[in-house]
Amino acid sequence: MKWAQHCRINVFVELQRKIRRHYDAILATMEHHLSNAVLEATNRKIKLSVYMAYGFRNIDNMIDMIMLRCSDIDVRLPWDYEAT
């Protein structure tokens with residue numbers, strides 16, 4: 001960090017400043033092994049569900065579809081059951 005701060009190459013100086021600015025977030029990510037990828041994936045599912053729900057008669061159906069797609073509930077349809 002010290003070398004990059006005193007370097008004459010602008011790219012390294014900018015990188016050092018960004019690392020210093022986001023230092024706490026970088027450490028938290030490394031410590032907890034979390035990223036915003038899960039959040040971004042969930043947002044994508046919601047946007048796709050809203051697009052698919054175009055033309056539904058009421059907003060409750062759209063909300064139900066979003067809840068089903070974004071939850072871990074395993075919904076089995078009647079034809080998925082094996083005949084006994």
request  = Show which residues join V13 in its hydrophobic cluster (side-chain heavy-atom contacts under 4.5 Å, direct or indirect), or state none.
outcome  =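 None; V13 is a cluster of one.
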Rounded to the nearest 0.5 Å, what separation is found between the [atom1] atom of [X] and the [atom2] atom of [Y]?
X	Y	atom1	atom2	answer
M67	D60	CE	CG	12.0 Å
H32	L27	NE2	CG	10.0 Å
R21	I26	CZ	CD1	10.0 Å
Q16	E14	CD	CD	11.0 Å
I63	L68	CD1	CG	12.5 Å
L48	I46	CG	CD1	11.0 Å

task = Look at atom CZ of R17 and say whether more than 12 heavy atoms of other residues, nucleotides or ligands are closer to it than 6.0 Å.
result =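 No, not enclosed.
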task = Test side chain to side chain contact (heavy atoms under 4.5 Å, CB included) on L39 and N43 and set out the steps.
result = CA-CA 6 Å; L39 179 65; N43 285 340; 4.1 Å; yes
ask   = Of all heavy-atom pairs between R69 and K45, which one has the smallest distance, and what is that distance?
value =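 Of all heavy-atom pairs spanning R69 and K45, the closest is O-NZ, 3.8 Å.
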ask   = Do you know the tightest heavy-atom contact between S49 and M65?
value =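 Closest heavy-atom pair between S49 and M65: O-CE, 3.1 Å.
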inquiry  = I'd like to check I59 versus M62 (side-chain heavy atoms, cut-off strictly below 4.5 Å). Are they in contact?
reply    =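 I59 vs M62: side chains touch.
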ask   = Among all residues two or more places apart in sequence or in another chain, which pass the side chain to side chain contact (heavy atoms under 4.5 Å, CB included) test with L15?
value =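 For L15 the side chain to side chain contact (heavy atoms under 4.5 Å, CB included) partners, ignoring immediate neighbours, are I19.
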query = Side-chain donor-acceptor pair under 3.5 Å between N58 and N61, yes or no?
reply =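 Yes - a donor-acceptor pair under 3.5 Å links their side chains.
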